[in-house]
**Student:** 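Here's a structure for you.
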Amino acid sequence: DRKGVDADMLGSVLRTAAYDGDRALFDALLVALKNTTDLRQREYILGALGSFRDQKLVSAAHDLSIHSGLDVRESIRLVFAGSRNPETQKIPFEFVKANYDEIIKRAPAGGGSDFGAALPSVAAGFCDVDSEKEFVDFFEERTRKITGGPRNYSQTLEGIRLCEARKSAEQSDVAAFFAKQ
């Protein structure tokens, strides 16, 4: 019952439910998405579809981004599903690597920036040298060809390197703290 939640809270409530949600909730959200034309509600539902932690549901959300009848301007955001959760943060990167050409072909472009420029953000949670190398190997050349790509690539790479540096600087202090416990 959509009237049971204040409209300003609906997005947060749906994303929170999805965080620990199962396939039944995922499917219910898909049904709700197909049964509404309200753009705000669609945005909230898509946000929830991208908020699951279950790896299979993260992959299902990715699949929706390129293999559904949904408007690409809405569904393309699902490419980032799982990128903010440490348990699933590699899945979106692997999805983009496997489907890059299809994503770029379907993605919106124009207005001074192409959607493809945002794709490096799927690796924003990376925090180790091996993942950094994977990121650079995949995105460095590709982003040069996309309007806005070099800037977003550089910002994501900087974030990865800052995380690595912070982790390195804090690692011995954290280890010492827990050794005293």
**Student:** State the CZ-OG distance between Arg151 and Ser154, to the nearest 0.5 angstrom.
**Tutor:**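 The OG atom of Ser154 is 9.5 Å from CZ of Arg151, to the nearest 0.5 Å.
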**Student:** Can any side-chain N or O of Thr36 pair as donor or acceptor with the backbone N or O of Ala32 at less than 3.5 Å?
**Tutor:**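 Here the side-chain-to-backbone pair does not exist.
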**Student:** Take Asp114 and Ile104 through the test side chain to side chain contact (heavy atoms under 4.5 Å, CB included) and record every step on the way to the result.
**Tutor:** CA-CA 9 Å; Asp114 296 337; Ile104 292 298; over 6 Å; no
**Student:** Could you tell me the separation between the CG atom of Leu57 and the CG atom of Leu49, rounded to the nearest 0.5 Å?
**Tutor:**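 Spacing of CG (Leu57) from CG (Leu49) equals 9.5 Å.
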**Student:** Any side chain to side chain donor-acceptor pair (under 3.5 Å) pairs touching residues 155-171, not counting sequence neighbours?
**Tutor:** Glu132-Arg161
**Student:** Using a 4.5 Å cut-off on heavy atoms from C-beta on, say whether the side chain of Leu78 contacts that of Ile66.
**Tutor:** no
**Student:** What distance separates Glu94 CD from Glu134 CD, expressed to the nearest 0.5 Å?
**Tutor:**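 Answer rounded to 0.5 Å: 6.0 Å.
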**Student:** Would you list the atom pairs, donor with acceptor, under 3.5 Å between side chains in residues 120-129 and any protein atom, with sequence neighbours excluded?
**Tutor:**
residue, atom, partner, partner atom, Å
Ser121, OG, Ala118, O, 3.2
Asp128, OD1, Asp130, N, 3.2
Asp128, OD1, Ser131, N, 2.8
Asp128, OD1, Ser131, OG, 3.1
Asp128, OD2, Ser131, OG, 2.9

**Student:** If you look at every heavy atom in Phe26 and Ala61, which pair is closest and at what distance?
**Tutor:**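 It is CZ-N, 3.8 Å.
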**Student:** What are the two closest heavy atoms between Val136 and Leu157, and how far apart are they?
**Tutor:**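 The pair with the smallest heavy-atom distance is CG2-CD1, 3.8 Å.
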**Student:** Verify, without hydrogens or angle tests, whether Arg42 (side chain) and Leu33 (backbone) share a donor-acceptor contact under 3.5 angstrom.
**Tutor:** yes
**Student:** According to a hydrophobic-cluster definition based on side-chain heavy atoms being under 4.5 Å apart (Ile, Leu, Val, Met, Phe, Trp, Tyr only), do Val79 and Val58 belong together?
**Tutor:** no
**Student:** With no hydrogens and no angle check, is any side-chain donor or acceptor of Asp71 less than 3.5 Å from a backbone partner on Arg73?
**Tutor:** yes
**Student:** Does one hydrophobic cluster hold both Ile91 and Phe80, with members joined at side-chain heavy-atom distances below 4.5 Å?
**Tutor:**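 In one cluster with Ile91: Phe80, no.
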**Student:** Can you get from Leu162 to Phe139 by hopping between Ile, Leu, Val, Met, Phe, Trp and Tyr side chains that sit under 4.5 Å apart?
**Tutor:**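 No: no chain of side-chain contacts under 4.5 Å links Leu162 to Phe139.
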**Student:** Should we say atom NZ of Lys133 is surrounded by more than 12 heavy atoms from elsewhere, each under 6.0 Å from it?
**Tutor:**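 Not more than 12 within 6.0 Å, no.
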**Student:** Does the Asn99 side chain pair with the main chain of Phe95, one donor and one acceptor, at a distance under 3.5 Å?
**Tutor:**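 Yes, because the side chain of Asn99 sits within donor-acceptor range (under 3.5 Å) of the backbone of Phe95.
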**Student:** Evaluate Arg40 against Glu43 for salt bridge (charged side-chain N to carboxylate O under 4.0 Å, His left out), listing each step before the verdict.
**Tutor:** CA-CA 5 Å; Arg40 189 171 183 197; Glu43 179 182 339; over 6 Å; no
**Student:** Can you tell me if Arg23 has over 12 outside heavy atoms packed within less than 6.0 Å of its CZ?
**Tutor:**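 Count over threshold, so yes.
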**Student:** Tell me whether Ser65 contacts the main-chain N or O of Ile76 through its side chain, where contact means a donor paired with an acceptor under 3.5 Å.
**Tutor:** no
**Student:** If you look at every heavy atom in Ser68 and Ser75, which pair is closest and at what distance?
**Tutor:** OG-CB, 4.5 Å
**Student:** Is the closest side-chain heavy-atom distance between Arg53 and Glu87 below 4.5 Å?
**Tutor:** yes
**Student:** Are the side chains of Leu25 and Phe52 in contact, using a 4.5 Å heavy-atom criterion?
**Tutor:**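 The answer is yes, as the side chains (C-beta and beyond) meet within the 4.5 Å cut-off.
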**Student:** Under a 4.5 Å side-chain heavy-atom rule over Ile, Leu, Val, Met, Phe, Trp and Tyr, are Leu46 and Leu14 clustered together?
**Tutor:** yes
**Student:** Phe138: what forms a ring pair (Phe, Tyr, Trp, His ring centres under 6.0 Å) with it, not counting sequence neighbours?
**Tutor:** Tyr100
**Student:** Could you tell me which non-hydrogen atom of Gly82 sits nearest to which non-hydrogen atom of Pro92, and how far apart they are?
**Tutor:** C-CG, 3.8 Å
**Student:** Within this structure, what is the CG-NZ distance for the pair Asn85 and Lys90, rounded to the nearest 0.5 Å?
**Tutor:** 14.5 Å
**Student:** If I compare all heavy atoms of Glu140 with all of Arg144, which pair ends up nearest, and what's the gap?
**Tutor:** O-CG, 3.5 Å
**Student:** Going by heavy atoms in the side chains, are Asn152 and Leu119 under 4.5 Å from each other?
**Tutor:**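 SC-SC contact between Asn152 and Leu119 ruled out.
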**Student:** Could you tell me the separation between the NZ atom of Lys97 and the CG atom of Asp137, rounded to the nearest 0.5 Å?
**Tutor:** 8.5 Å
**Student:** Are Tyr19 and Arg15 close enough that a side-chain donor and a side-chain acceptor fall under 3.5 Å?
**Tutor:** no
**Student:** Checking Tyr44 against Val13 for the side chain to side chain contact (heavy atoms under 4.5 Å, CB included) test, could you report, in this order, the C-alpha distance in whole Å, the side-chain angles of both residues, the deciding distance, and whether it holds?
**Tutor:** CA-CA 9 Å; Tyr44 293 153; Val13 169; over 6 Å; no
